Q: 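Just dropping this structure here.
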Amino acid sequence: MALIDHFLARRVKRGQLTVIHADGNSVTHGMPDPGFADVAIRFTDKGAANYIVRNPALGAAEAFMDGRLVVERGDIRDLVNLLTGNDPWEAGANALAPSAPLRAIQAVTHRIGRVNMARRSKQNVAHHYDLSDRLYDLFLDADRQYSCAYFTDPANSLEQAQADKKAHIAAKLALKPGMRVLDIGCGWGGMALYLHEKTGADVVGVTLSEEQIKVARQRAEASGVADKVKFELIDYRAVTGQFDRIVSVGMFEHVGPAHYKTFFAKCRDLMTQDGVMLMHTIGRMGAPGITDDFTLKYIFPGGYNPALSEIARGYEGLRMFPTDIEVLRVHYSLTLDHWYDRTVAARNAIVDLYDERFYRMWLFYLAGASAAFRHGGLCNYQVQLSRSRFELPLTRDYIAGGEQALKS
């Protein structure tokens, strides 16, 4: 039996996975299970299987991208769900985790890679967010919300869930007329424009993506609110002024643990005495860890999803009140499934934009990320901090009431 079959035999118990080797021999692992699709994969050359075994997560991704691993029955999302679902985070281990020696090497290189100085931060942002606007139009909602949606009902559409996310965050900010808001990592401007439209607040959005800021400014101009919603190409560390509220959605993952204290200290300095901030970030439910090799190499260089303990250490000692912490467990998995389905539907357009290898890379990214929230140790944290113990209501009731008002 091939080495990869020994590897899979220990891990696949629920669901059925058939492996067709390059020489035509096939081995079936596991048993049919209604919770998993029946999957069959084929290796197109003799070295592909061993390449995967050496570093399963990165090896499987690159083998799939290069056509060395072909999914004959089901799709790549089915395969990733089958493997991760047989070894969920709460069970302890990780079927796709690298070996102990490789983890040690990764830990050292990862710590170096997480030192995001200003110039490197801009390069890292450009790697992902300066891709073609057309690509993001093909799989995101119309407002280009490229972060976890908020599913009040799992059956909701992506558009509804993203609208509900904006309302949920806006309600937590408890905005009042005349307030000034800073949006750190403003993306294509959707949140900033929403906050102004719904509350009349003046908003300044900052980003390091040259492509995103072009779109954000165009949107503000087209809406006739460029004097009230302004966008700047600037690192958050260089922002000046005072703001009543700060919001940051999907940006903290790019800060790096070495700079968490800097981030929160800067936010505190930018807030008025009654200031409130809401940070929405991907996080890990367990202890601090490392970013997987595939994500660092192909998707988010310099990216890291923090443990809650790391976030807390970032703001402790700064005399800000942690007024609310919410954990969104599987909302991002539902979001990513929508993005995956839209990516599959747009295959020809994406291949025309880039090539087949890029399309497969993007599929693997979305499939793997969805599984990490459904079976793995990732979640989303919404952390609310205030400089004042009295600025926000004493109970959380105002959040639901605020959401309803924004939706009416």
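Quick caveat: nothing in here was measured; it's all calculated off a predicted structure. The analysis underlying the following values was restricted to heavy atoms, covering all of them including side chains, and did not include hydrogens, waters or symmetry mates.
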Q: So, R357 and D355, do they make that salt bridge, N to O below 4.0 Å?
A: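 Answer for the salt bridge query: no.
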
Q: Are side-chain heavy atoms of R268 and R319 found at a separation under 4.5 Å?
A: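 In contact.
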
Q: Run the numbers on R77 and D337 for side-chain contact (heavy atoms from CB on, under 4.5 Å), then give the verdict.
A: CA-CA 9 Å; R77 179 169 56 182; D337 283 344; 3.5 Å; yes

Q: Hey, mind stepping through K165 and Q162 against side-chain hydrogen bond (donor to acceptor under 3.5 Å, both in side chains) and telling me if it holds?
A: CA-CA 5 Å; K165 184 265 297 293; Q162 291 292 13; 2.8 Å; yes

Q: Taking the side chain as everything from C-beta on, heavy atoms only, tell me whether K228 gets closer than 4.5 Å to V203.
A: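 SC-SC contact between K228 and V203 ruled out.
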
Q: Is K214 paired with E211 through a side-chain N to carboxylate O contact shorter than 4.0 Å?
A: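 Yes, E211 and K214 are salt-bridged.
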
Q: Got a salt bridge between E159 and R342, using NZ or NE/NH1/NH2 to carboxylate O under 4.0 Å?
A: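 R342 and E159: salt-bridged.
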
Q: Look at atom NZ of K46 and say whether more than 12 heavy atoms of other residues, nucleotides or ligands are closer to it than 6.0 Å.
A: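 For K46, atom NZ is not crowded (no more than 12 foreign heavy atoms under 6.0 Å).
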
Q: Is the shortest side-chain heavy-atom distance between L135 and I350 below 4.5 Å?
A: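 A side-chain contact exists here, since the closest heavy-atom pair is under 4.5 Å.
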
Q: Look at the rings of F264 and F252 and say which category their plane angle falls in: under 30° parallel, 30 to 60° tilted, over 60° perpendicular.
A: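 The rings of F264 and F252 sit tilted, inter-plane angle from 30° to 60°.
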
Q: With a 4.0 Å cut-off on N to O distance, would you call K13 and D33 a salt bridge?
A: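 Looking at D33 together with K13, the answer is no, because their closest N to O distance does not fall below 4.0 Å.
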
Q: Measure the shortest side-chain to side-chain distance between Y298 and L58 over non-hydrogen atoms and say whether it is less than 4.5 angstrom.
A: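 Side-chain contact under 4.5 Å: yes.
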
Q: Could you tell me whether Y354 and W362 have their ring centroids closer than 6.0 angstrom?
A: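 No, ring centres 6.0 Å or more apart.
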
Q: Picking from Q384, R389, R396, what satisfies side chain to side chain donor-acceptor pair (under 3.5 Å) with T323?
A: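 Result: among Q384, R389, R396, Q384 is the only option passing the side chain to side chain donor-acceptor pair (under 3.5 Å) with T323.
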
Q: Ignoring hydrogens and angles, tell me if any N or O in the side chain of Y304 forms a donor-acceptor pair with the backbone of G289 under 3.5 Å.
A: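 Yes, the answer is positive, given that a donor and an acceptor are paired below the 3.5 Å cut-off.
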
Q: Within a strict 4.5 Å, meaning less than it, do heavy atoms of the I41 and L17 side chains meet?
A: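 A side-chain contact exists here, since the closest heavy-atom pair is under 4.5 Å.
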
Q: What orientation do F294 and F364 show, parallel under 30°, tilted 30 to 60°, or perpendicular over 60°?
A: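 Aromatic pair F294/F364 classed perpendicular.
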
Q: Just do the salt bridge (Lys or Arg N to Asp or Glu O under 4.0 Å) check on R347 and E356 with the steps written out, would you?
A: CA-CA 9 Å; R347 177 192 174 280; E356 182 69 30; 2.5 Å; yes

Q: Given Q382 and K172, is the side-chain hydrogen bond (donor to acceptor under 3.5 Å, both in side chains) satisfied, shown in steps?
A: CA-CA 10 Å; Q382 288 190 352; K172 287 185 176 184; 2.7 Å; yes

Q: Once the angle between the rings of W339 and Y332 is folded into 0 to 90°, is it parallel (under 30°), tilted (30 to 60°) or perpendicular (over 60°)?
A: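 Rings of W339 and Y332: perpendicular, over 60°.
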
Q: For K198, does the NZ atom have more than 12 heavy-atom neighbours from other residues, nucleotides or ligands under 6.0 Å away?
A: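 For K198, atom NZ is crowded (more than 12 foreign heavy atoms under 6.0 Å).
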
Q: Assess whether side-chain contact (heavy atoms from CB on, under 4.5 Å) is satisfied between L195 and L173, documenting all intermediate values.
A: CA-CA 10 Å; L195 293 178; L173 289 171; 4.1 Å; yes

Q: Take Y150 and H280, measure what ring-ring contact (aromatic ring centres under 6.0 Å, His included) needs, and give me the verdict at the end.
A: CA-CA 12 Å; Y150 186 66; H280 171 116; 9.3 Å; no

Q: Does any part of the side chain of E316, heavy atoms only, come nearer than 4.5 Å to the side chain of K261, both counted from C-beta?
A: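 K261 reaches E316 side chain to side chain.
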
Q: Start with the C-alpha distance between F300 and Y365, add both sets of side-chain angles, then the distance that settles side-chain contact (heavy atoms from CB on, under 4.5 Å), and finish with yes or no.
A: CA-CA 10 Å; F300 294 115; Y365 151 53; 3.8 Å; yes

Q: Would you call D143 and R219 a salt bridge, taking side-chain N to carboxylate O under 4.0 Å as the test?
A: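 The answer is yes: the pair qualifies as a salt bridge.
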
Q: Any side-chain heavy atom of V327 within less than 4.5 Å of one from L308?
A: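 In short, these two side chains do not touch, never coming nearer than 4.5 Å.
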
Q: Does this structure show an ion pair linking R68 with D45, if we count only N-O contacts that are shorter than 4.0 Å?
A: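 So R68 pairs with D45 through a salt bridge.
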
Q: side-chain contact (heavy atoms from CB on, under 4.5 Å), that's the test. Do C267 and I184 meet it? Break it down for me.
A: CA-CA 10 Å; C267 288; I184 301 177; 3.9 Å; yes

Q: Provide the full list of salt bridge (Lys or Arg N to Asp or Glu O under 4.0 Å) pairs with a residue in residues 239-250, sequence neighbours left out, each pair given once.
A: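 Every salt bridge (Lys or Arg N to Asp or Glu O under 4.0 Å) pair that includes a residue of residues 239-250, provided the two are not neighbours, is R245-E391.
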
Q: Do Y236 and H259 have ring centroids that are under 6.0 Å from one another?
A: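 Ring centres of Y236 and H259 not closer than 6.0 Å.
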
